[in-house]
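These notes concern the structure reproduced below.
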Amino acid sequence: MNTPSASLGKNRIHQIDAEVLATRRAGAYTVLTLSANQIAAAAKPGQFVTCSVGEVGTGLILRRAFSIHDVTSTGGQGGTIDVVVAPHGGGTQWLAQRRRYDKVNVSGPLGQGFKVPREPVSCVLVGGGYGSAPLFFLAKVLAARGCRIEMILGGATADKVFGILESRRAANSTTLVTEDGTLGVTGRVTDVLVDSINRFDAKAIYACGPMGMLAAISELAVDAEVACQVAVEEAMACGFGVCMTCVLPIKGDDEVPRLVRACVAGPVFACEQVAWHL
Amino acid sequence: MNTPSASLGKNRIHQIDAEVLATRRAGAYTVLTLSANQIAAAAKPGQFVTCSVGEVGTGLILRRAFSIHDVTSTGGQGGTIDVVVAPHGGGTQWLAQRRRYDKVNVSGPLGQGFKVPREPVSCVLVGGGYGSAPLFFLAKVLAARGCRIEMILGGATADKVFGILESRRAANSTTLVTEDGTLGVTGRVTDVLVDSINRFDAKAIYACGPMGMLAAISELAVDAEVACQVAVEEAMACGFGVCMTCVLPIKGDDEVPRLVRACVAGPVFACEQVAWHL
Amino acid sequence: MKVNMAVDLGGLVLTNPVLTASGCAASGRELDRIFDITTLGAMITKSIMLEPRQGRPTPRMAETPSGMLNSIGLQGPGIDRFINEDLVWLAERGVPTIASIAGTHVHEYAELTRRLRSAPGVVALEVNISCPNHDDRDHVFACYPEPAAKVIEAVRRSAPFDLPIFAKLSPDVTDIVEIAHAVVDAGADGLTLINTVLGLAIDPKTLRPVLSAVTGGLSGPAIRPIALRCIHQVRAALPKIPIIGVGGVTSGQDALTFLAAGANAISVGTWVFSDPNAPARVSQELAQELKARGVSDVNEVVNLAHAEYPLESDAVVSLNE
Amino acid sequence: MKVNMAVDLGGLVLTNPVLTASGCAASGRELDRIFDITTLGAMITKSIMLEPRQGRPTPRMAETPSGMLNSIGLQGPGIDRFINEDLVWLAERGVPTIASIAGTHVHEYAELTRRLRSAPGVVALEVNISCPNHDDRDHVFACYPEPAAKVIEAVRRSAPFDLPIFAKLSPDVTDIVEIAHAVVDAGADGLTLINTVLGLAIDPKTLRPVLSAVTGGLSGPAIRPIALRCIHQVRAALPKIPIIGVGGVTSGQDALTFLAAGANAISVGTWVFSDPNAPARVSQELAQELKARGVSDVNEVVNLAHAEYPLESDAVVSLNE
Ligand SMILES: Cc1cc2nc3c(=O)[nH]c(=O)nc-3n(C[C@H](O)[C@H](O)[C@H](O)COP(=O)(O)OP(=O)(O)OC[C@H]3O[C@@H](n4cnc5c(N)ncnc54)[C@H](O)[C@@H]3O)c2cc1C
Ligand SMILES: Cc1cc2nc3c(=O)[nH]c(=O)nc-3n(C[C@H](O)[C@H](O)[C@H](O)COP(=O)(O)OP(=O)(O)OC[C@H]3O[C@@H](n4cnc5c(N)ncnc54)[C@H](O)[C@@H]3O)c2cc1C
Ligand SMILES: Cc1cc2nc3c(=O)[nH]c(=O)nc-3n(C[C@H](O)[C@H](O)[C@H](O)COP(=O)(O)O)c2cc1C
Ligand SMILES: Cc1cc2nc3c(=O)[nH]c(=O)nc-3n(C[C@H](O)[C@H](O)[C@H](O)COP(=O)(O)O)c2cc1C
Ligand code: FES
Ligand code: FES
């Protein structure tokens, strides 16, 4: 009666004791390159991984979620993923202190990634803080499809704008925005978004960052009648659908909002699906 | 009404974020050299320190106790202590993995040390496993008083006999004993103790190791009418006298055994004080 | 040496004593992307209620030292979709299912039981009585012997006579043995010990409760000593009752200590979030632990922590040194 | 800005809200080798009984995830030596002392109270009622309202009318608010919340209980969510009663959350073992936390986690962002 384990199927979630191959500082953030061949091979932009944190006997029992920032997949055994860590509480601080050769238990790829356009259209990618991380993996895929890419990277201060240098290669053009004016335009990413949409005749917006920012972007996108996908961040205990902690109100076809798991139905949603004001 | 804090007095217990200056392997053990000037300056042989274990957020909440194995005190700021770590559970494993420049929170010196003879007599120092660790600090002090030192170092297997090389300098003569015969005499330290006592006309025995070994040594010492001090090991939560977890039955002047705190009244006791069979 | 891992929970025979915990493995589909869930003794599914339920608003969780708080509030699809989608899938997948049910009135438990009579693949019911009892001043059923017993009686009456019923007890009581006696007298065939411990976390920034529901259920290794104590107490009082132990199990060694305390089977709950592969690993580690001790049957270690049940204890303890 | 740290526990004014917890700081001498104990609000001494007591055999402790179990069994010198040696020393040292008393019969509590009437330096009594009640089937006093109230009544009758009495409650009850009401009605001037949670650890090698006493009291950060919940529940039910909060406090931030939950003062217990300097550090950190929020009086943060007591909460929350 037993059918073969679904775990052997293509939906398999991999759990790997990944070696830290490299670490680098990027402003307020630490980028970790992890050897995670199977995850790298399966990952799509907008998906995420979860990492165990702490040593033997740690009291920090839950995994931490990180967007997949970059992927190198050689086809062989050498696939790697990059994650961008913003040191915040105990777990992210621990991760940001990892050194080369350390091991980190990584699980993924998790969640639904961004949908990419069939046609080579202009896209605006908007990131706030470490929310910019997944946009670079996405940009690679969009570029391969011939899309034109404008990036808007924002942060409270200059050191919290992620990917300034990388964006030169990843995007056709980039607008930097800081709230305190220490870099680029003074203000918020939404202050420059409409201009970018118009300037490049954008057909798609992709956004990741704090919920407030995503809500504001959604509003602008709906007004501008441009398709917009957002990658949301909800506190997650499991990251793969079994705990029901990460829910947010998502409207179904009947427009009725229901609490849906961000980790398996998301983290990427079409902006009009999210009931922002509940 | 407030008298000056007793904490300013000579009984002060120091608590220091000590830097790991050096680590070395010694058979099954790891020796850590810690920069701990104030502890080094105050320590006496037979005393111990406690170390915090684990990173931020660790679930291993209690400190671990370690005998002071060696002390270098320059009189200036450079004093260090050595501890010998036997990796056992999560805490000692974590400590044994420390590398140079890591920090370890150390508290000490704790407990009552060994009493040393006024006269330059012959002494037999008996250690089992990592119980040999404190005997080397003791040997330094005894040697400075002109005592003759015979060491008996035992262990289940060769890699668990601690201090083989060091004993060449620290002792006038050394007998090594292993239960499996992989090194020195096959058997237990008690198999060679009486012979050592007689050969060197020993006037004092000092012993540290598992409780069973200490009990057996005490019996032999009483029979041989040689003064014997033992450093016991009881599971300790606090290490400085406030929790009452580390008690063992110690006979008072009235010969009645009472439960006494090993961490402040000991860990060193005269062997006849301990009610071994309770 | 082959180790027998099959256990008999008062007639309910499972091939493996390691189970999932209700609410920590959904209905199996997600976990099956991590490991082959047919290797488990059974899936205990998330507590299901009669109607679809949205549960509590977020935030629904807070990490605490070696534990977590949750206030999911029994979000779920309701019994009909649960049967048609989840139970059908589980039955096709070939996993024995222990269906957990929850309600706020006694008659809801009875109705849930009736609906599950003909459901596929259900080998037992687990009755989650840690719900507010709307019949009686909003106290939780599991907190007082009488309401707890009433629920179990209703379920017993509505269930096929040969369907085992496990009552899942709350540790938040003065005398868990009293509750255990009450539900066993009311017809429970077995007990699941323990549900979460009521707790509260306060955000040090806002100084407000982290959870929108204010309080939540504490789970994970932090509560393991409480779970072991409850199991040990109840086992001492009820030597024969099958017990499913749950609360902070992370490893084969933990599982072993739960069996020794008196559990006949073990559920892995919160640790699935920490290590999605945990149920499979715990089961493998448990078999290895037994093998290393020369124990050929997992049932031999059950109750070994009780002075009065030293079944074969010499063998175990000696082989273990 | 200078922060006022003085608190008024129903007439008992302490210069600092940070205290030691009974049984975790002995009678102060040892801690005074680490930091100046006169900086504390008060020392709560280890529960003392009438006669000298050896306590339980070893092993008396087990480390558990983010916590520990203890089964000391109230080892102590008896009330006479306690008064002549410990209280005299504390009084000379100038530390306000809250003397914790314990007994197994109601009359013992009364007798202890009488002996302490003229003892030096005692500013309040803490009544540890988490002891087996030998008058009544060996249940613990703190577990049922009536025996709990009887002890408090006896203490109240035997104490000088102006000596505040704190009843220390156990979390191991179905309804801690019920017990709180009972002891307050019986004359308790304040409450200490919480004592340890009953737990059990099993040695994975021997498969026997680690503690010779089989079960023990769970303490440390693992139980912090339980302590916060109990404080929050009792505060909501008894808006005016002074509460000393205890259970897993490790830092100034923790202390702040306890105050927000409803405590008026905080004891540091197990964390003294982890960091002997903890009480001094917690007190410094708490002052810093308050300063950073622009709060000039520690009493302002008390109860802030309760929607219905948002005293000055705007100031705190806004300054805090
Ligand atoms: C899909 C997704 C992608 C993410 N990508 C990134 C990324 O690329 N880079 C990055 O730095 N951070 C990312 N985050 C946020 C990151 O997971 C949290 O900052 C982190 O979990 C906090 O852990 P901590 O130990 O620092 O904080 P703590 O406050 O100690 O965390 C306590 C608990 O709450 C959870 N938690 C707290 N804050 C958050 C949060 N904002 N989101 C989710 N869980 C939270 C933690 O996982 C943990 O279980 C992402 C979150 C999600 C859900
Ligand atoms: C006075 C004294 C001196 C010591 N000197 C040394 C030494 O020089 N080198 C060395 O390797 N070890 C020494 N020990 C033993 C060492 O403290 C324990 O092995 C260690 O605490 C175990 O920690 P763990 O994390 O490995 O084990 P775990 O089993 O995880 O420890 C759990 C808890 O039990 C306590 N505990 C467990 N076993 C012991 C034990 N044997 N003694 C005391 N507490 C225990 C731990 O401190 C901890 O709180 C000494 C112990 C004492 C009391
Ligand atoms: C997120 C979450 C959801 C839970 N949901 C349920 C539930 O629906 N029904 C139930 O009986 N127990 C539920 N529990 C309790 C667990 O089944 C288990 O009894 C408890 O968490 C202790 O075990 P653990 O420490 O292994 O998690 C839930 C626990 C968690 C953490
Ligand atoms: C070793 C130890 C001994 C204790 N002894 C007592 C005691 O004598 N009387 C008492 O009321 N509480 C006693 N307690 C309980 C503490 O005072 C405190 O209520 C409990 O440990 C929770 O706080 P914590 O987590 O900060 O330790 C003891 C706790 C420990 C750990
Ligand atoms: S994080 Fe567990 S269901 Fe989404
Ligand atoms: S270890 Fe705490 S009193 Fe000795």
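Proteins come first, then strands; the chains are lettered A, B, ... in the order of their sequence lines, and each starts at number 1.
With respect to Glu63(D) and Arg63(B), no salt bridge is recorded, no charged nitrogen being found less than 4.0 Å from a carboxylate O. Using a 4.0 Å cut-off between charged side-chain N and carboxylate O, Arg12(B) and Glu30(D) make no salt bridge. By the 4.0 Å N-to-carboxylate-O rule, Lys46(D) lies too far from Asp86(D) to be salt-bridged with it.
Only the backbone of Thr64(D) comes within contact range of chain B, judged by heavy atoms closer than 4.5 Å. For Ser52(B), the part lying under 4.5 angstrom from a heavy atom of chain D is the side chain only. Using a 4.5 Å cut-off between heavy atoms, Thr58(B) touches chain D through its backbone atoms (N, CA, C, O) alone.
Between chain D and the options Gln15(B), Met236(B), Arg258(B), heavy-atom pairs under 4.5 Å are most frequent for Gln15(B). The candidate from Gly73(D), Ser66(D), Ala26(D) with the greatest count of non-hydrogen atom pairs under 4.5 Å with chain B is Ser66(D). The residue among Gly220(D), Gly67(D), Pro221(D) with the most heavy atom pairs within less than 4.5 Å of chain B is Gly67(D).
Put simply, the side chain of Asp70(B) does not reach to within 4.5 Å of the side chain of Ile81(B), judged on heavy atoms. With contacts defined as side-chain heavy-atom distances shorter than 4.5 Å, the pair Ser267(D)/Val249(D) does not qualify.
Just one residue in the list Val71(B), Val141(B), Val268(B) forms a side chain to side chain contact (heavy atoms under 4.5 Å, CB included) with Pro45(B), and that residue is Val141(B).
For Phe162(B) and Tyr130(B), the distance between ring centers is not under 6.0 angstrom.
Asn16(D) and Ser283(D) share a side-chain donor-acceptor pair at under 3.5 Å.
Contact annotation for residues 54-62 of chain D against chain B (heavy-atom separation below 4.5 Å, listed by residue number): Gln54(D), Arg56(D), Thr58(D), Arg60(D), Met61(D).
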Worked check of side-chain contact (heavy atoms from CB on, under 4.5 Å) between Phe240(B) and Ser107(B): CA-CA 9 Å; Phe240(B) 71 104; Ser107(B) 181; over 6 Å; no

